[in-house]
Amino acid sequence: MSGYAVDSKRQVMRATGIVDEVKEWVELDGRRRPSETQARDENTGMPLWAVEVICRQSSWGRVSNTTATVTVGSLSRPVVEEFGRVEFTDLWVETRVNKAGGLVETWTADGVAGAKVQGQGVTDGKAA
């Protein structure tokens, strides 16, 4: 798997407004499935959230818009403005080829830059 750092200020992303808990995967009866438990970052212990975004991509000379989810750690659910620009701290994408030969991207970040969390002000300490 190849990984690349992405400059969040140059890669324009717009939030769809959808932020979901990332669930831990468990094996039951020989099958992997998501559990009811929220996953946590293995390095920081922070709960993980999937922030859905829309971004532009280019493939074989064709430009299109696509949706992706960026996994971030936060004590509370990040609040993003629907269709507003969203920037991430330490944005990273890993790519791999799946069994069908298609390209799969996995986006992660340390956090949402300047994001509010549910019931709180801005995470960088400034008032909301």
Side-chain angles (χ1 to χ4, degrees):
M1 190 176 321
S2 298
Y4 306 93
V6 178
D7 184 351
S8 188
K9 293 185 185 308
R10 294 181 62 199
Q11 172 60 54
V12 176
M13 294 182 162
R14 299 229 173 247
T16 64
I18 298 170
V19 179
D20 291 320
E21 291 182 359
V22 174
K23 299 295 186 180
E24 279 187 8
W25 285 80
V26 294
E27 189 165 328
L28 296 171
D29 303 324
R31 294 186 171 181
R32 284 182 39 90
R33 329 177 160 198
S35 69
E36 293 299 316
T37 306
Q38 186 172 7
R40 293 187 170 268
D41 183 287
E42 59 188 43
N43 296 319
T44 66
M46 296 284 259
L48 294 176
W49 303 91
V51 179
E52 188 178 79
V53 297
I54 298 171
C55 56
R56 186 158 289 178
Q57 72 171 11
S58 177
S59 180
W60 302 103
R62 182 179 178 276
V63 177
S64 63
N65 289 322
T66 187
T67 58
T69 56
V70 179
T71 302
V72 299
S74 176
L75 289 175
S76 300
R77 181 185 305 266
V79 176
V80 292
E81 181 184 345
E82 187 173 359
F83 300 114
R85 185 168 178 162
V86 61
E87 292 181 6
F88 296 93
T89 54
D90 296 324
L91 182 62
W92 187 263
V93 64
E94 291 184 348
T95 58
R96 65 178 174 83
V97 177
N98 63 15
K99 291 179 183 178
L103 185 65
V104 176
E105 297 175 345
T106 304
W107 293 85
T108 57
D110 284 350
V112 180
K116 296 177 184 179
V117 290
Q118 242 175 355
Q120 297 180 4
V122 178
T123 58
D124 64 4
K126 296 178 185 170

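Being a predicted model, the structure only gives us computed values, none of them experimental.
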Could you walk me through whether L103 and T95 satisfy the side-chain contact (heavy atoms from CB on, under 4.5 Å) test, starting with their C-alpha distance in whole Å, then the side-chain angles of each, then the deciding distance to 0.1 Å, before giving a yes or no?
CA-CA 7 Å; L103 185 65; T95 58; 3.9 Å; yes

Separation between [atom1] of [X] and [atom2] of [Y], rounded to the nearest 0.5 Å:
| X | Y | atom1 | atom2 | value |
| --- | --- | --- | --- | --- |
| C55 | E105 | SG | CD | 7.0 Å |
| E81 | F83 | CD | CZ | 11.0 Å |
| T71 | W107 | OG1 | CH2 | 12.0 Å |
| T69 | I18 | OG1 | CD1 | 10.5 Å |

What salt bridge (Lys or Arg N to Asp or Glu O under 4.0 Å) pairs are there with at least one residue in residues 23-42, not counting sequence neighbours?
E21-K23

What I'd like to find out is whether the side chain of [X] reaches to under 4.5 Å of the side chain of [Y], using heavy atoms alone.
| X | Y | result |
| --- | --- | --- |
| V86 | V112 | yes |
| V53 | T67 | no |
| V80 | V19 | yes |

Can you name the nearest heavy-atom pair linking [X] to [Y], along with the distance?
| X | Y | value |
| --- | --- | --- |
| R10 | R85 | N-NH2, 4.4 Å |
| T108 | V70 | C-CG1, 4.0 Å |
| S8 | F88 | OG-N, 2.7 Å |

Tell me whether W49 contacts the main-chain N or O of S74 through its side chain, where contact means a donor paired with an acceptor under 3.5 Å.
yes

Can any side-chain N or O of T89 pair as donor or acceptor with the backbone N or O of G111 at less than 3.5 Å?
yes

Going by side-chain hydrogen bond (donor to acceptor under 3.5 Å, both in side chains), name the residues that satisfy it together with [X], two or more places apart in sequence or in a different chain.
| X | value |
| --- | --- |
| Q57 | none |
| Q38 | none |
| E87 | K9 |
| T16 | E52 |

Quick one: do [X] and [Y] end up in the same hydrophobic cluster if we chain Ile, Leu, Val, Met, Phe, Trp and Tyr together by side-chain heavy atoms under 4.5 Å apart?
| X | Y | value |
| --- | --- | --- |
| V51 | V93 | yes |
| M13 | Y4 | yes |
| V72 | V6 | yes |

Suppose we screen for side-chain contact (heavy atoms from CB on, under 4.5 Å). Which residues come up paired with V63, at least two apart in sequence or across chains?
R56, S58

